[in-house]
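In what follows, chains are A, B, ... by sequence order, proteins preceding strands, each numbered from 1. The analysis underlying the following values was restricted to heavy atoms, covering all of them including side chains, and did not include hydrogens, waters or symmetry mates.
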Protein chains: 2
Amino acid sequence: MAGVSTAVVSYALNDRRGVSVATRERVLRVADELGWRPNPAARSMRAGAQAVGLAVVAGETLHGAPVLDVVAAFQRELLPRGLGVDLRVVADVAAAAELYRRWGAERRCDVVVVPEVRDDDVRLRVATDAGLRPVVVGPTEVAPGLAAVEVDDEDAYARVARYLASLGHVRIALVADPTDRLRTAACERGLRAATQDGTVALEIVPTDGTVEGAAGATRRLLTQAVRPTAVVLATDVMALAALDVARRTGLVVPWDVSVVAGADSVLCRLATPALTSLPSLATDLGEALARAVTGTLDAAAGDPPVRVPLAVGALAVRGSTSPQAH
Amino acid sequence: MAGVSTAVVSYALNDRRGVSVATRERVLRVADELGWRPNPAARSMRAGAQAVGLAVVAGETLHGAPVLDVVAAFQRELLPRGLGVDLRVVADVAAAAELYRRWGAERRCDVVVVPEVRDDDVRLRVATDAGLRPVVVGPTEVAPGLAAVEVDDEDAYARVARYLASLGHVRIALVADPTDRLRTAACERGLRAATQDGTVALEIVPTDGTVEGAAGATRRLLTQAVRPTAVVLATDVMALAALDVARRTGLVVPWDVSVVAGADSVLCRLATPALTSLPSLATDLGEALARAVTGTLDAAAGDPPVRVPLAVGALAVRGSTSPQAH
DNA sequence: ATGAAAGCGCTAACAG
DNA sequence: CTGTTAGCGCTTTCAT
């Protein structure tokens, strides 16, 4: 229709050199009039898949943030690069590994995101074996040669501990995510590091990561003979459940016990009392992931793995924490 | 490797007739040994896209249920059919429409899901113009010829109203989702239908769909001179916020005011008091959607649009509602 | 029951 | 600057 060959059309459309300005304009105009859009299937047939895969385990968060919020930012950042996000909800890590194996064999994508890394994580081996390049979210001790977004949970939780200690708390508890997650260990390390002078007693209670699990753990903590004066919970909903447990136990937050949420949300702000929280990573994490992914795609073979550091912001202090006399 | 032509391999792999059992087995075995997987790009190049598109507006639910839970069930049901779900988070309905236009032009999918239909919804026209077949979630008055999952919100909310009336409530309020959603109107209709004998005063307060909006609306309702004795809220988090507003206002739920959530969740069960709620649609909706989609794909041209009815289950009565003396 | 070959829409190497 | 053409991996028609 533009009176040129398919090659010229391809060049014009892809901003390749070798087309006169006049021709390029004509081609673009005709394509636009026709409402023409490149067929992604045909395109990826030559160029390889233009997508990054992400399998999330049902019920899990993305490093404490709501999955969809992270994905929204992730997609937004990847869009200009013409990259799509293949999101799948799976039952467990094994299913995620199996999916990555398939995606690799199908050449559906060549980068996958591995969230909530576990110790000795199957997904890492499987993805690598399948010819995929994994981008890990979280601590990287388990993945020496892999690209990663390194979230500084350790520092964040150390700050939480110092904040609580400065309020006079001497018995702090952490209601944590499952222990197989490396992130859990990092949070623990942070709290320990900031309390190792021995003036603060630290109790770590791992859970299964569910709200019910957190509620049960908090109940046990608060009904002990000697109960903690401050409880830190991994997520916003866990912390909300803790508020409720405290209320039912007849304890007044923050006077009887202080509560801190490891991730912020509207729920934290609207609760009574409003929850002192670490900021939500949602948008930042999505953007950091996008940088890690594009960096990995752009990296030449032999380049060192891309590492995108992500610092957790300042604790938002609200009504759920207060000074504590010993 | 199996000593046969590519055509025979294709037949064998796709369970087509015309291959001897021996050959088929040999081909399957070799393919398996090689870890061979069909390339989806190449496949959809001939067969057309094997995916269904779903654009959700950031912050919105999927008919009151958490998006990811619905998507999980949706994907699970579509998997055996070899269909993928293309999930995208967009800023608003206009962006969703624009995306559907693109997806149509790119032949990325030929069915798209249109959740939370609005009155005179742009997405419907755009999707149809782009050659896509939309599957609508919600009331279908706006989409006479389109496939749909018809959720019976009207009946569900009528049941809520009757339940509250039976407890002696005479002033009921609904803190609703935005009015442009057809579902909001359906919920309203249900409440009205069940209260039209005039013994119950009904107040409908539309919100912007956010938790903050719901909290504000509830606060206004509860600080009125004559306040409602029962408040129904569209979602679980909204209802949670309402519990909090009541607490801050000095009202005791359920004695001073009853609260009902339009959608259940762990949060509803763990709240104090636990929230009386309509069941969550998550899994059911995902499965219904899958049936609507596959039905639409299987339908011959000229067949009537696929309609999958979805009834909302029984109200779970918990501690947030109680009888009310006039 | 099997094989040869065309073609889906696109990009890129090469020739002109 | 532009055209010709091969080929990405698969399905499918047509011959055999």
Side-chain angles (χ1 to χ4, degrees), chain A residues 1-51 81-84 86 101-110 130-132 297, chain B residues 1-51 81-84 86 101-110 130-132 297:
Chain A
M1 278 209 139
V4 292
S5 74
T6 61
V8 174
V9 172
S10 178
Y11 291 147
L13 261 15
N14 293 298
D15 257 343
R16 287 273 187 297
R17 49 188 216 78
V19 199
S20 66
V21 186
T23 311
R24 165 161 303 159
E25 273 183 3
R26 190 153 33 95
V27 170
L28 290 177
R29 192 168 39 73
V30 172
D32 189 54
E33 278 167 14
L34 260 45
W36 179 91
R37 298 252 82 209
N39 178 321
R43 185 170 263 189
S44 54
M45 194 130 169
R46 284 204 63 88
Q50 307 293 305
R81 290 271 309 221
L83 290 171
D86 235 335
R101 187 203 313 283
R102 260 231 313 283
W103 277 348
E106 291 178 347
R107 320 239 84 101
R108 228 181 231 282
C109 44
D110 36 29
L132 299 170
L297 286 171
Chain B
M1 277 210 138
V4 293
S5 72
T6 62
V8 175
V9 173
S10 178
Y11 291 148
L13 260 14
N14 293 297
D15 256 342
R16 288 270 186 298
R17 49 187 216 79
V19 198
S20 67
V21 185
T23 311
R24 165 160 304 160
E25 271 183 4
R26 189 155 31 95
V27 169
L28 290 177
R29 192 168 41 72
V30 171
D32 189 54
E33 276 168 15
L34 260 45
W36 179 91
R37 297 251 84 209
N39 178 321
R43 183 169 266 186
S44 54
M45 195 133 169
R46 286 204 62 88
Q50 308 293 306
R81 289 272 308 224
L83 290 171
D86 233 336
R101 186 202 315 283
R102 260 231 313 284
W103 277 349
E106 291 178 348
R107 321 240 86 101
R108 227 182 232 281
C109 44
D110 36 29
L132 299 169
L297 286 171

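If you take CD of Glu25(B) and C1' of dA1(C), they are 16 Å apart, rounded to a whole angstrom. Separating the CZ atom of Arg24(B) from the C1' atom of dT2(C) is a distance of 13 Å, rounded to the nearest angstrom.
Residue pairs meeting the salt bridge (charged side-chain N to carboxylate O under 4.0 Å, His left out) criterion with at least one member in residues 34-48 of chain B, sequence neighbours excluded, are Glu106(A)-Arg37(B).
Residues forming a side-chain contact (heavy atoms from CB on, under 4.5 Å) with Ser10(A) (at least two apart in sequence, or on another chain): Asn14(A). A search for side-chain hydrogen bond (donor to acceptor under 3.5 Å, both in side chains) contacts involving Arg107(A) returns nothing, not counting sequence neighbours. Annotation: side-chain contact (heavy atoms from CB on, under 4.5 Å) contacts of Thr6(A) (sequence neighbours excluded): none. Ser20(B) is linked by a side-chain hydrogen bond (donor to acceptor under 3.5 Å, both in side chains) to Thr23(B), counting only residues two or more places apart in sequence or in another chain. Under the rule for a side-chain contact (heavy atoms from CB on, under 4.5 Å), the partners of Asp86(A) that lie at least two apart in sequence or sit in another chain are Trp103(A), Arg108(A). Applying the side-chain contact (heavy atoms from CB on, under 4.5 Å) rule to Ala41(A) yields the partners Asn39(A), Ser44(B); only residues at least two apart in sequence or on another chain are considered. Partners of Arg102(B) under the side-chain hydrogen bond (donor to acceptor under 3.5 Å, both in side chains) rule, at least two apart in sequence or in another chain, do not exist in this structure.
Here Gly48(A) lies out of heavy-atom contact (under 4.0 Å) with every strand. The residue Arg37(A) sits close only to the backbone: its heavy atoms come under 4.0 Å of sugar-phosphate atoms, none of a base.
The terminal axes of the helix from dA1(C)-dT16(D) to dG16(C)-dC1(D), fitted over 5 pairs per end, subtend an angle of 40° to the nearest 10°.
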Practice problem: Could you walk me through whether Leu297(B) and Leu83(B) pass the side chain to side chain contact (heavy atoms under 4.5 Å, CB included) test, one step at a time? | Solution: CA-CA 11 Å; Leu297(B) 286 171; Leu83(B) 290 171; 3.5 Å; yes
Pairs: protein N or O with nucleotides 12-14 of chain C N or O, under 3.5 Å:
{"from": "dA12(C)", "atom 1": "OP2", "to": "Arg16(A)", "atom 2": "NH2", "distance (Å)": "3.3"}
{"from": "dA13(C)", "atom 1": "N6", "to": "Tyr11(A)", "atom 2": "OH", "distance (Å)": "3.2"}

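The outermost nucleotides of DNA chain D lying under 4.0 Å from heavy atoms of chain B, listed 5' to 3', are dG9(D) to dT13(D).
In terms of position along DNA chain C, the nucleotide closest to Val21(B) lies nearer the 5' end than the nucleotide closest to the other residue of the pair Met45(B) and Val21(B).
Summarising the geometry of Ala105(B) relative to Gly35(A), their closest heavy-atom pair is CB-O, 3.9 Å, with the distance given to 0.1 Å.
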For residues 24-32 of chain A, please give each side-chain donor-acceptor pair under 3.5 Å, one per line with the distance, not counting sequence neighbours.
{"from": "Arg24(A)", "atom 1": "NH2", "to": "Arg16(A)", "atom 2": "O", "distance (Å)": "2.4"}
{"from": "Arg26(A)", "atom 1": "NH1", "to": "Ala2(A)", "atom 2": "O", "distance (Å)": "2.3"}

